[in-house]
Protein chains: 2
Amino acid sequence: MRVRDFSRPTTLNPDRLFGQVAQKLAVAIISGDIGAGALLPNEDDLRADISVSRTAYREAVKILTAKGLVEARPKSGTRAAPRERWNLLDTDVLAWHFEADPNEKFIRDLFELRRFVEPSVARLAAQRRTAADIARIEAALRAMTDNPPYSDPCVRGDLAFHEAIFAASQNAPLQCLASAVIATLQWSLVLKKGDDEAFADSLPDHENILLAIIDRDGDLAAVRMTGLVIDSLNTTLASVNVVQGEPDKIARINHTK
Amino acid sequence: MRVRDFSRPTTLNPDRLFGQVAQKLAVAIISGDIGAGALLPNEDDLRADISVSRTAYREAVKILTAKGLVEARPKSGTRAAPRERWNLLDTDVLAWHFEADPNEKFIRDLFELRRFVEPSVARLAAQRRTAADIARIEAALRAMTDNPPYSDPCVRGDLAFHEAIFAASQNAPLQCLASAVIATLQWSLVLKKGDDEAFADSLPDHENILLAIIDRDGDLAAVRMTGLVIDSLNTTLASVNVVQGEPDKIARINHTK
DNA sequence: CTCCGGGTATCGTATGACTTTATCGCAGAC
DNA sequence: GTCTGCGATAAAGTCATACGATACCCGGAG
């Protein structure tokens, strides 16, 4: 999956060697291949999987440590951490999740998060938005309407639309949730791809949210955002169920260049 | 500040050398001493501040990279990242924040997050709680009532109360927000310390939330949680304003062993 | 003044040795 | 037979060094 392309630039460079190692280990952990047991011994991994120096390996482990995926203890070894320790809202962890384990429960949970957070954010945005915020949201919306559904610029616009609303909320900690929402959105757009009707239905919803924000009507913006999220969840789940009947398509989704 | 003691175990070991370096750099960045410019050159830091090998330094940088605090670009240098790139919901980043820059705006933002998230979480908890969840919440509440206000076990109980409600929500991504809420709570408890009246007032609120969850009354739990958060914000801000009039007390808070 | 090319600084990677720490097991004492 | 404690041991942590790659700076040539 190269969905990541659309998201905000991830801090950890996938070109570099340690980034690749980190990703490989992360996916192995998240997918359950490693599951809370001791990691492959340093030496073994070095020699067996791919020839990589201890330096690169250790830096990869440090990254995973920082994101809560592993716990390194001096004598007992470096073990995969239990899931409740993962930093599930981290952009990279989410991206790795989607490469490893796109199960329905996780998507439901993420949508639940969206359903709780995004309406409140929309309310704040309506109360605090500046002219610049409006312009940014409008530009994103135009990108959605002026391009074919599910085309790259259109998807980019959809993501930018939601991100711009987060930005307009003027709340830094809240904005950190934008990356989680965007990751959810990306995934759902990949799943829904081809359902042009669902996309067309969502366009006026987006527009109406913008209008409410322009009017500084926080309550209305929140209500409309709630509707949008719920609709999105429903169409996404419908697509998931369709996809789950076609393992071929799942494979295609997971390995799209 | 050693507030961290009460929170869930941070993944990055502060005993280790790289952990100390990471913390030192992080605080320097968050406090604004470094502010989006190039980091101190590798060599300089190595020799000047404290004798530390390149390995430890690099691993510290990797941790900060993983948390979005710095961006290392192949040849142009390692720079402090702009604030919107920071992972503000990360437990460590929050802890570092409170050591570096306890400004009122940030506290307001975090309480805003609580105000949006915790009621929804309480609603979910009421709908999904198991008997074990109830027992856990009750135990936490008992720790609050059976110990003197603001004593360690009492504070621990307060944090555990909120964390247990998150756990009862059965939503993994949502539970990641618990650490942010707990960090906020810790900070506000430190600020409010001594205001026994505020504490006494909050006890029945906590109890009523538990009752609503026991009754599986989601709406009521949400409403009561909203009230609790708002009250907590008000008393905290009152304390902040008192403290801000006494720079001496601020210093004491920041350097409490 | 502009453009080009080489030097330099800095990150990334590799390697080997030594230190620290915590676990486990064995030996000795009660 | 059980408990205690000390040492062997294994793994992570730290250090020093070296080399490669490349973006950036600066100086010289046109």
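Just so we're clear, the structure is a prediction, and the values are computed from it rather than from any experiment. Every chain is numbered from 1 and lettered A, B, ... according to where its sequence line falls, protein lines coming before strand lines.
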Residue whose nearest DNA chain C nucleotide is more 5′ - B/R16 or A/L17: A/L17

On DNA chain C, more 5' by nearest nucleotide between A/K75 and B/R73 is B/R73

In whole Å, what is the span from the [atom1] atom of [X] to the [atom2] atom of [N]?
{"X": "B/Q20", "N": "D/dG13", "atom1": "CD", "atom2": "P", "answer": "13 Å"}
{"X": "A/Y57", "N": "D/dG13", "atom1": "OH", "atom2": "P", "answer": "10 Å"}
{"X": "A/E59", "N": "D/dC15", "atom1": "CD", "atom2": "P", "answer": "15 Å"}
{"X": "A/R54", "N": "C/dA17", "atom1": "CZ", "atom2": "P", "answer": "12 Å"}

Heavy-atom count around B/R128 CZ within 6.0 Å, excluding the residue itself: above 12?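 Yes - once you tally the heavy atoms of other residues, nucleotides and ligands closer than 6.0 Å, there are more than 12.
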
With a 4.5 Å cut-off on side-chain heavy atoms, are A/F166 and A/V117 touching? yes

Would you say that A/V70 contacts A/V61 through its side chain, given a criterion of any heavy-atom pair below 4.5 Å between the two side chains? yes

Quick check for you: among [options], whose closest atom lies nearest to any side-chain atom of [X]?
{"X": "B/A56", "options": "C/dA14, D/dG13, D/dC15", "value": "D/dC15"}
{"X": "B/F18", "options": "C/dG12, D/dG13, D/dA12", "value": "D/dG13"}
{"X": "A/T55", "options": "D/dG13, C/dA14, C/dG12", "value": "C/dA14"}

Does [X] make a side-chain N or O approach to OP1 or OP2 of [N] shorter than 4.0 Å?
{"X": "A/S53", "N": "C/dA14", "value": "yes"}
{"X": "A/K62", "N": "D/dA12", "value": "no"}
{"X": "B/R58", "N": "C/dG12", "value": "yes"}

Is NZ or CZ of B/K192 both nearer than 6.0 Å to the six-membered ring centre of B/Y150 and within 45° of the ring axis? no

